[in-house]
Amino acid sequence: MTALWVTLLVVLAVALVLRWLRPTWYWLTFGVTFAAVRVLIRYRSVMDACGLTVPPARWRLALARVTNRPVPEARSPRILRLRPTTTGLVLRLKLRPGQDAFDFSAASDRLRHSFALQNVVSREIRSGVVELRMTGYDVLRHVRMPAVSPAEGLRVPVALREDGEVHHRDYRQVPHALNVGATQSGKSVYQRTLVTGLAPQNVALVGIDCKNGVELAPLAARFTALADNPDAAVDLLAALVDYMGRVYQLIRAEQRISVSLPDAEITADIWDLPAHLRPLPVVLLVDEVAELALAASKADEARRDQIVTHLVRLAQLGRAAGIYLEICGQRFGSELGKGITMLRAQLTGRTAHRVNDETSANMAFGDISPDAVLAAVQIDKERPGTAVAGDSSGGWSRIRAPHTTLRQAVDTCNAHAHRTPSIPELEPFRPPLPVRVLTGKVQPTTASAPAF
């Protein structure tokens, strides 16, 4: 008996240590079993308490009256499958007649407390079927990105979602995006992670960093063009607009619409062009967009109008030419001047890190989802890198990017410097190669430049 008690105490101590230091191990060894049993035992009472049941069918009520039996209980959604994952449980339910998927989404917070789990996210799989993704522990406390296939097709894993899934930045699906957040909120780390994911791909990176290039200049080995002040930025954007015009001329020349041409070969963007003619896609990263919109004189106002006009034109027309925008800033509202709201309307993807006021969150999500605004305001300052990501469809989720150091980003860009393409229109803005100091000797980073 003594040995049994000692064994139980040891197991309990191990479970407590794992839960504190290694929550993933705890979940895989102990937590998943406890949670699954708890969900199955509490299921009917929780559904009833959360208002997710429906009255019994009329024929059941009539049968109970005829046979003088007790009135049947309200019916809960039928469990189709309960599947454990490395971060939680996935519960798939078949809805009863009269139920709506929105009911489960609205009750997600109550379900989280009732099942004693970290998070519950509801989504509709198909008509009549809802899936509840339940997280067993706080996966955003220490972000550990799961093993994923190498990024390709401009789809980059950049963060971990609160439901344990990987959040991707997919430029083919969401061409342009806005990233806002206060100082020390994690915008720069998110941007580094994005550049690190894009560096191994066949893509041209173009940057505008008005902080004298302190954020993007260390990564210059992988950048085709870089501007570090507003004067250079306006010329760079004008050159990029010229490049966009040349790409459209190429598309027009290759359309060749005729009766004999198959429908699948008719194209209106670069992705259906023959591989040997297709230009590389371009990702434009703008850091601190407010610096481009500030004006202290008439000359600054003229420059600002040109910059905003070029950005709006790229946002409206750039997708088909393979030009994608990633706009970052602390604020992005109408106080930046005319044309800014027109630009914001073109930015489908929205990411908001910690903000200092509700107005800043409204700039990102006010026209999309009020719930996302509230979630962005509630981000803890002790968790830099945590953000709310959404798009114009109204869907959103909490994410947190892994901590990518500047050294990691620099090493990745240097390792893939040979992929940096040369674009004639952007050649005057080619950044000087970063300098390495090895064993007391100064050596420039070398890179070959494929041209388009």
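Just so you know, residue 1 is the first one in the sequence shown, and it goes up from there. Values below: all heavy atoms of this structure, side chains included; hydrogens, waters and symmetry mates excluded. These figures come from a predicted structure and were not determined experimentally.
Counting heavy atoms from C-beta on, the side chains of His176 and Thr348 never come closer than 4.5 Å. Leu273 has its side chain within reach of Pro279: a pair of non-hydrogen atoms, C-beta onward, lies under 4.5 Å apart. In this structure the side chain of Val139 reaches within 4.5 angstrom of the side chain of Tyr137, judged on heavy atoms. Counting heavy atoms from C-beta on, the side chains of Cys210 and Leu292 come closer than 4.5 Å. Annotation: side chain of Lys211 is not in contact with side chain of Glu291 (no heavy-atom distance under 4.5 Å). Taking 4.5 Å as the limit, some side-chain heavy atom of His353 sits within range of a side-chain heavy atom of Asn179. Taking 4.5 Å as the limit, every side-chain heavy atom of Gln99 sits out of range of all side-chain heavy atoms of Val130. Between Arg133 and Ser122 there is no side-chain heavy-atom pair separated by less than 4.5 Å.
To the nearest 0.5 Å, atom CD of residue Glu124 and atom CG of residue Leu95 are 7.5 Å apart. Distance check, rounded to the nearest 0.5 Å: CG of Leu178 to CG of Leu343 gives 8.5 Å. Distance check: Ile327 CD1 to Leu284 CG gives 6.0 Å after rounding to the nearest 0.5 Å. The distance from the CG atom of Asp103 to the SG atom of Cys50 is 11.5 Å, given to the nearest 0.5 Å. In this structure, the separation between CZ on Arg222 and NE2 on His416 is 8.5 Å, given to the nearest 0.5 Å. Rounded to the nearest 0.5 angstrom, Met342 CE and Ile340 CD1 are separated by 10.5 Å.
Judged purely by atom type and a 3.5 angstrom limit, Arg252 has no side-chain atom pairing as donor or acceptor with the backbone of Val247. For the pair Arg192 (side chain) and Thr404 (backbone), a donor-acceptor distance under 3.5 Å is present. In terms of modelled atom types and a separation under 3.5 Å, the side chain of Thr351 and the main chain of Ala177 share no donor-acceptor contact. Judged by distance alone, the side chain of Arg278 and the main-chain N or O of Ile270 form a donor-acceptor pair under 3.5 Å. Side-chain atoms of Arg400 come within 3.5 Å of backbone N or O of Pro384 as a donor-acceptor pair.
Evaluation of the side chain to side chain donor-acceptor pair (under 3.5 Å) rule for Arg161 yields Asp163 as partners, not counting sequence neighbours. Partners of Gln191 according to the side chain to side chain donor-acceptor pair (under 3.5 Å) rule, which considers only residues two or more places apart in sequence or in another chain, do not exist here.
Annotation for Glu301: atom CD counts as buried by contact number, over 12 foreign heavy atoms lying within 6.0 Å.
Side-chain N/O atoms of Asn202 and Arg419 include a donor and acceptor closer than 3.5 Å.
Checking Val206, Leu285, Asp209 one by one against Phe223, the side-chain contact (heavy atoms from CB on, under 4.5 Å) holds for a single residue, Leu285. Exactly one of Asp109, Leu117, Leu111 qualifies for a side-chain contact (heavy atoms from CB on, under 4.5 Å) with His113. That residue is Asp109.
What you find for Gly197 and Pro200 is that their closest heavy atoms are O-CD, 3.3 Å. Closest heavy-atom contact between Leu280 and Pro421: CD1-CB, 3.6 Å. Listed here is the closest heavy atom pair of Phe115 and Met134: CD1-SD, 4.0 Å. Nearest heavy-atom pair, Ile208 versus Ala233, reported as atom, atom and distance to 0.1 Å: CG2-CB, 3.8 Å. Closest of all the heavy-atom pairs between Pro402 and Val158 is CD-O, 3.4 Å. Nearest heavy atom pair, residue Ser114 against residue Arg42, reads O-NH1, 2.6 Å.
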For residues 76-84, run the donor-acceptor check on the side chains, cut-off 3.5 Å, and write out each pair with its distance to 0.1 Å, sequence neighbours left out.
none

Side chains of residues 87-94: which donor-acceptor partners sit under 3.5 Å, not counting sequence neighbours?
| residue | atom | partner | partner atom | Å |
| --- | --- | --- | --- | --- |
| Arg92 | NE | Glu131 | OE2 | 3.4 |
| Arg92 | NH2 | Glu131 | OE2 | 2.7 |

Which pairs would a plain distance check flag for residues 308-325, meaning a side-chain donor or acceptor within less than 3.5 Å of a matching protein atom at least two apart in sequence or in another chain?
| residue | atom | partner | partner atom | Å |
| --- | --- | --- | --- | --- |
| Thr309 | OG1 | Asp305 | O | 2.7 |
| Tyr324 | OH | Trp271 | NE1 | 3.0 |

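Listed by first and then second residue, the salt bridge (Lys or Arg N to Asp or Glu O under 4.0 Å) pairs involving residues 380-390 are Asp138-Arg383 (not counting sequence neighbours).
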Hey, mind stepping through Gln201 and Val283 against side-chain contact (heavy atoms from CB on, under 4.5 Å) and telling me if it holds? CA-CA 11 Å; Gln201 300 195 35; Val283 176; over 6 Å; no
CA sep, side-chain torsions, deciding dist, call: Met145, Val166, side-chain contact (heavy atoms from CB on, under 4.5 Å): CA-CA 7 Å; Met145 297 287 285; Val166 176; 3.9 Å; yes
Step by step, work out the side-chain contact (heavy atoms from CB on, under 4.5 Å) result for Asn356 and Arg354. CA-CA 7 Å; Asn356 293 327; Arg354 178 181 55 81; 3.4 Å; yes
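Geometric assessment of Arg169 against the ring of Tyr171 yields a positive cation-pi assignment under the 6.0 Å and 45° thresholds.
The pair Arg407-Asp411 counts as a salt bridge, with a side-chain nitrogen and a carboxylate oxygen less than 4.0 angstrom apart.
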